[in-house]
Amino acid sequence: MNTRAESNPEPEVTATEDLMREHGVIRRALLVYSQLAEKIRNSPGSVDAASLHKTAQLFRTFGEDYHERMLEEQHIFPVVQKMKGEAAKYPAVLIAQHQRGREITDYTLAVTGSGKIGAQHAEPLSRAFEGLVRMYQNHAAREDTIVFPAWKTNFSNKQLDELSDQFEDIEHKMFGKDGFEDAEKTISGVEANFGFSDISQFTPPPPPKP
């Protein structure tokens, strides 16, 4: 007898879909930074430094070491750099921004590692988060709308399927299994610790009547 899983297999995640859902995890980590920047500036001792440290660790392992180094810098950017047109100008800037992000992650890990954010780090850390969030809002938006679509045009559907399998192999080698599922679970836990799980709280009030 066929099981439900056998009769209704989960659709395979394409290479570009995989890249974009990984961006979703990265964006959620950045939203944590964005929501906490002002609180850190005003009251660093009231911020759960351990959960912030966990966010930075996730950003490092899943965002920087896996998504950026292993996928974008090894498989996406070299192809796009050889293309003609607008997309080709982006990889050099994106790589430089990756490096700046790693520097900020280094700093975040260093100043949150003791379990408490010192007053002397409040303003620098807040500014670093604000700059990182602004940079990645522009960075990821260009990747999703210009770089990834341009990269995709270089391959047939069969080749894209093969690349999806290759990306999955890299993910399994790095994390021992599906790294996305664990990353999503980790960021969900961080959001819960900070009270950010219910996204209805971020719905703005209605605008004034004209």
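Model, not experiment: these values are computed from the prediction. Only this structure's heavy atoms are used, side chains among them; waters, hydrogens and symmetry mates stay out.
Side-chain contact between F196 and R28: absent, with no pair of heavy atoms (C-beta onward) separated by less than 4.5 Å. Contact annotation: the side chain of I117 approaches that of L52 to within less than 4.5 Å [non-hydrogen atoms, C-beta and beyond]. At least one side-chain heavy atom of R60 sits less than 4.5 Å from a side-chain heavy atom of R102. Side chains of L19 and E22 form a contact here, defined as non-hydrogen atoms less than 4.5 Å apart. Using a 4.5 Å heavy-atom threshold, the side chains of L31 and V133 count as separate. Put simply, the side chain of E64 does not reach to within 4.5 Å of the side chain of H98, judged on heavy atoms. By the 4.5 Å heavy-atom criterion applied to side chains, N138 and Q97 are not counted as neighbours. Put simply, the side chain of T153 reaches to within 4.5 Å of the side chain of M83, judged on heavy atoms.
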Working for ring pair (Phe, Tyr, Trp, His ring centres under 6.0 Å), residues F180 and F175: CA-CA 9 Å; F180 170 79; F175 301 108; over 10 Å; no

Pair E38-S126, side chain to side chain donor-acceptor pair (under 3.5 Å): steps then yes or no: CA-CA 7 Å; E38 195 62 24; S126 295; over 6 Å; no

Check against side-chain contact (heavy atoms from CB on, under 4.5 Å), F167 and M70: CA-CA 9 Å; F167 288 0; M70 301 304 295; over 6 Å; no

side-chain contact (heavy atoms from CB on, under 4.5 Å) assessment of T186 paired with F62: CA-CA 11 Å; T186 297; F62 187 78; over 6 Å; no

Working for side-chain contact (heavy atoms from CB on, under 4.5 Å), residues D18 and R21: CA-CA 5 Å; D18 207 19; R21 72 174 188 164; 2.9 Å; yes

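Of the charged side-chain nitrogens involved, at least one lies within less than 4.0 Å of a carboxylate oxygen, so that E162 and K158 count as a salt-bridged pair. Here R142 does not pair with E86 in a salt bridge; the nearest charged N to carboxylate O distance is not below 4.0 Å.
Under a cut-off of 6.0 angstrom, the local environment of CG in D169 is crowded, with over 12 non-hydrogen atoms contributed by other residues, nucleotides or ligands.
Here the CG atom belonging to L163 is positioned 12.0 Å from the NZ atom belonging to K152, to the nearest 0.5 angstrom. Taken to the nearest 0.5 Å, the CD atom of E181 stands 8.5 Å off from the CD atom of E171. E123 contributes atom CD, which lies 10.5 Å from atom CD1 of I40 (distance to the nearest 0.5 angstrom). With rounding to the nearest 0.5 Å, the separation of OG1 in T61 from CE in M174 is 7.5 Å. Remark: R127 CZ to L132 CG distance equals 14.5 Å, nearest 0.5 Å. Taking CZ of F77 as the reference point, atom CH2 of W151 lies at 11.5 Å (rounded to 0.5 Å).
Under the 4.5 Å side-chain contact rule for hydrophobic residues, V93 and V147 do not share a cluster. Cluster annotation: L125 and L109 are assigned to distinct hydrophobic clusters (Ile/Leu/Val/Met/Phe/Trp/Tyr, side-chain heavy-atom contacts under 4.5 Å, transitive). Cluster membership check: I76 shares its hydrophobic cluster with F155, using side-chain heavy-atom separations under 4.5 Å among Ile, Leu, Val, Met, Phe, Trp and Tyr.
Listed by chain and residue number, H67, F148 satisfy the ring pair (Phe, Tyr, Trp, His ring centres under 6.0 Å) test with H23 (two or more places apart in sequence, or in another chain). For H172, there are no ring pair (Phe, Tyr, Trp, His ring centres under 6.0 Å) partners two or more places apart in sequence or in a different chain.
Nearest approach of R69 to E73, heavy atoms of both residues: O-CB, 3.7 Å. Scanning all heavy atoms of the two residues, the minimum distance from I187 to E184 falls at CG2-O, 3.3 Å. Between K54 and V190 the shortest heavy-atom distance is CD-CG2, 4.0 Å. Of all heavy-atom pairs between A122 and P44, the closest is CB-CG, 3.8 Å. Q201 approaches G195 most closely through the heavy-atom pair NE2-O, 2.9 Å. The two residues F194 and D48 have their closest heavy-atom pair at CZ-O, 3.5 Å.
Taking the six-membered ring where the residue is Trp, Y136 and F59 present perpendicular rings, their angle passing 60° and hence far from 30°. Below 30°, between 30° and 60°, or above 60°: for Y33 and F129 the angle between ring planes is below 30°, a parallel geometry.
In this structure a side-chain-to-backbone donor-acceptor pair under 3.5 Å is present from S164 to L160. With S43 contributing its side chain and K39 its backbone, the two residues share no donor-acceptor pair below 3.5 Å.
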